[in-house]
Amino acid sequence: MKILTGNSNRPLAEAISAKLALPLVKANVRRFSDNEIFVEILENVRGEDMFVIQSTSFPANDHLMELLITIDALRRSSARRITAVMPYYGYARQDRRTGPRTPISAKLVANLLTHAGASRVLTLDLHAAQIQGFFDIPVDNLFAGPLFGKDITDTLSNREITVVSPDVGGVVRARAVAKRIDADLAIIDKRREQAGVSEVMNVIGDVKNRDCILIDDIVDSAGTLCNAAVALMDQGAKSVSAYVTHGVLSGGAVARVAASPMEKMVITDSIQPTEAVRVSPNVRPLSIATLMAEAIKRISEETSVSSLFD
């Protein structure tokens, strides 16, 4: 087994490498003057079980091309098996046609990975679980729920906790965390009555005098979570925190979180934290290195990955 990384999240790759006590394969990932990407593997990988760690986060297109070109380089170097380790699977929000003449980009990315030469994919908290069906190669979709459950138990013990899904689509994810920590569940139903009118948020469930924890998979602009926090406080919640797997946090999202009623937001390092996240007083990264390293080890040894969540 050998591990290789692109440029999207080198600190996470180095942490995974340290957990596995394996050095990262030396590779030259650089650009020509017109920004064309060039990848050169500087070690022999013939017959090796290769794991390429690369989140397709901002800039998504550059990091995706890096991953595809790296996979092609490994395939042409006679690697025995190539696993694309994508802690954050970009384009996952485009998992269906939202209107006429629109793409299903999550399926396109699946095709690109397969045709480039990936033998399997390892990822974390896909935006929609059915994206696994877009592939004709094995896909291991890990869950951040157990990490969140442990962190909530360690840091928010002795509180009356209610786990909250910020929308109807995230109920399964929130219910899994609520079950793990033996907490109540609430749901926020948001709707826009007409164009140009702000969203109305209805809280389904009792949150009065409760410490509420919002669970989501992706936080981008943070608008939905901040509005949800306001709605929960308006319903009498004692405090609001958020646990989110992928901290995209584009634009002024970190400042928006800081100005919201949220006590804290915990994100994983599936996307490399920005400087704004590192200095923020109420946004905290949570490492997934141990989880990813254990999954990589189990895939290499051909043992059960699903038992990680038993």
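Please read all numbers here as calculations on a predicted model, not as lab measurements.
For residues 128-150, the pairs satisfying salt bridge (charged side-chain N to carboxylate O under 4.0 Å, His left out) are Arg120-Asp140, Lys150-Asp154, with sequence neighbours left out.
Of the inter-residue distances, the one linking Met292 atom CE with Asp269 atom CG reads 10.0 Å to the nearest 0.5 angstrom. To the nearest 0.5 Å, atoms CZ (Phe134) and OG (Ser105) are separated by 10.0 Å. Here the CG atom belonging to Leu147 is positioned 8.5 Å from the OG atom belonging to Ser287, to the nearest 0.5 angstrom. We find the CG-CD distance between Leu108 and Gln94 to be 9.5 Å, quoted to the nearest 0.5 Å. Note that CG of Asn141 is 9.0 Å distant from CG of Leu122, once rounded to the nearest 0.5 Å. For the atom pair CG of Leu232 and SG of Cys212, the computed distance is 4.5 Å after rounding to the nearest 0.5 Å.
Scored by the side chain to side chain contact (heavy atoms under 4.5 Å, CB included) test, Arg31 finds Asn35, Ile37, Asp62, Glu66 as partners (sequence neighbours excluded).
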Apply side chain to side chain contact (heavy atoms under 4.5 Å, CB included) to residues Ile188 and Asn202 and explain how you reach the verdict.
CA-CA 6 Å; Ile188 292 181; Asn202 300 308; over 6 Å; no
Stepwise side chain to side chain contact (heavy atoms under 4.5 Å, CB included) test for Thr224 and Asn227
CA-CA 5 Å; Thr224 296; Asn227 290 340; 6.0 Å; no
Using side chain to side chain contact (heavy atoms under 4.5 Å, CB included), reason through Phe148 and Thr268 one step at a time and then give a plain yes or no.
CA-CA 9 Å; Phe148 290 166; Thr268 76; 3.9 Å; yes
Using the rule given for side chain to side chain contact (heavy atoms under 4.5 Å, CB included), can you reason through Ile181 versus Ile161, listing the C-alpha separation, both sets of side-chain angles and the distance that settles it, and then say yes or no?
CA-CA 9 Å; Ile181 63 172; Ile161 292 174; 4.1 Å; yes
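Of the charged side-chain nitrogens involved, none lies within less than 4.0 Å of a carboxylate oxygen, so that Asp206 and Arg210 do not count as a salt-bridged pair. Salt bridge present: Arg278 and Glu275 bring a charged side-chain N and a carboxylate O closer than 4.0 Å. Between Arg284 and Asp151 there is a salt bridge, with a side-chain nitrogen of the basic residue lying less than 4.0 Å from a carboxylate oxygen of the acidic one.
Cluster membership check: Ile271 does not share its hydrophobic cluster with Leu67, using side-chain heavy-atom separations under 4.5 Å among Ile, Leu, Val, Met, Phe, Trp and Tyr. A single hydrophobic cluster is seen to contain both Val29 and Met86, as judged by linkage of ILVMFWY side chains at heavy-atom distances under 4.5 Å, directly or through other members. In the hydrophobic cluster analysis, where Ile, Leu, Val, Met, Phe, Trp and Tyr join through side-chain heavy atoms closer than 4.5 angstrom, Phe58 is grouped apart from Ile267. Linking Ile, Leu, Val, Met, Phe, Trp and Tyr residues whenever their side-chain heavy atoms come within less than 4.5 Å leaves Ile215 and Val248 in two separate clusters. In the hydrophobic cluster analysis, where Ile, Leu, Val, Met, Phe, Trp and Tyr join through side-chain heavy atoms closer than 4.5 angstrom, Ile204 is grouped together with Ile213.
Open room surrounds CG on Asp182; 12 or fewer heavy atoms of other groups in view lie less than 6.0 Å from it. For NZ of Lys264, the number of neighbouring non-hydrogen atoms (other residues, nucleotides, ligands) closer than 6.0 Å is greater than 12. Around CG of Asp34, the count of heavy atoms belonging to other residues, nucleotides or ligands within 6.0 Å exceeds 12.
Although no hydrogens or angles enter the test, the distance criterion places no donor-acceptor pair under 3.5 Å between the side chain of Thr5 and the main chain of Arg10. For the pair Asn209 (side chain) and Lys238 (backbone), a donor-acceptor distance under 3.5 Å is absent. A donor-acceptor pair is defined here as one N or O able to donate and one able to accept, closer than 3.5 Å; such a pair exists between the side chain of Thr114 and the backbone of Ala110. A donor-acceptor pair is defined here as one N or O able to donate and one able to accept, closer than 3.5 Å; such a pair exists between the side chain of Ser304 and the backbone of Ser307. Although no hydrogens or angles enter the test, the distance criterion places no donor-acceptor pair under 3.5 Å between the side chain of Ser78 and the main chain of Arg46. Not one N or O on the side chain of Ser119 forms a donor-acceptor pair closer than 3.5 Å with the backbone of Arg81. His246 places no side-chain N or O within donor-acceptor distance of the main-chain N or O of Asp216, the cut-off being under 3.5 Å. No side-chain donor-acceptor contact under 3.5 Å links Ser77 to the backbone of Ala79. Ser280 contributes no side-chain N or O that, together with a main-chain N or O of Val277, makes up a donor-acceptor pair within less than 3.5 Å. Judged purely by atom type and a 3.5 angstrom limit, Arg256 has no side-chain atom pairing as donor or acceptor with the backbone of Ala222.
Checked by atom type, the side-chain pair Thr56/His63 shows no donor-acceptor distance below 3.5 Å. Looking at Asp211 and Ser239, their side chains do bring a donor and an acceptor atom within 3.5 Å of each other. In the model, Thr245 has no side-chain atom that pairs as donor or acceptor with a side-chain atom of Asp217 under 3.5 Å. Judged by distance alone, the side chains of Thr303 and Lys297 never bring a donor and an acceptor atom under 3.5 Å apart.
The closest side-chain heavy-atom distance from Phe309 to Leu291 is below 4.5 Å. Side chains of Gln54 and Leu4 form no contact here, defined as non-hydrogen atoms less than 4.5 Å apart. Using a 4.5 Å heavy-atom cutoff, the side chains of Tyr91 and Ile104 are not in contact. Glu14 places a side-chain heavy atom less than 4.5 Å from the side chain of Leu24. You'll find the side chain of Val85 stays beyond 4.5 Å of the side chain of Val52, heavy atoms only. For the pair Val25 and Ile3, the minimum side-chain heavy-atom distance is 4.5 Å or more. Using a 4.5 Å heavy-atom cutoff, the side chains of Asn9 and Pro11 are in contact. Proximity of Leu214 to Val240: side-chain heavy atoms (C-beta onward) are separated by under 4.5 Å at one or more points.
Of all heavy-atom pairs between Val163 and Ala174, the closest is CG1-O, 3.5 Å. Of all the heavy atoms in Leu142 and Ala295, the pair that sits closest is CD1-CB, 3.7 Å. Of all heavy-atom pairs between Pro87 and Thr123, the closest is O-OG1, 4.1 Å. Scanning all heavy atoms of the two residues, the minimum distance from Ser250 to Ser221 falls at OG-N, 4.2 Å. Here the closest non-hydrogen pair linking Leu124 and Ser270 is CD2-CB, 4.3 Å. Minimum heavy-atom separation, Gly170 to Ser165: C-OG, 3.2 Å.
Between Tyr89 and Phe135, the ring planes are perpendicular. Angles over 60° get that label, and only those under 30° would be called parallel.
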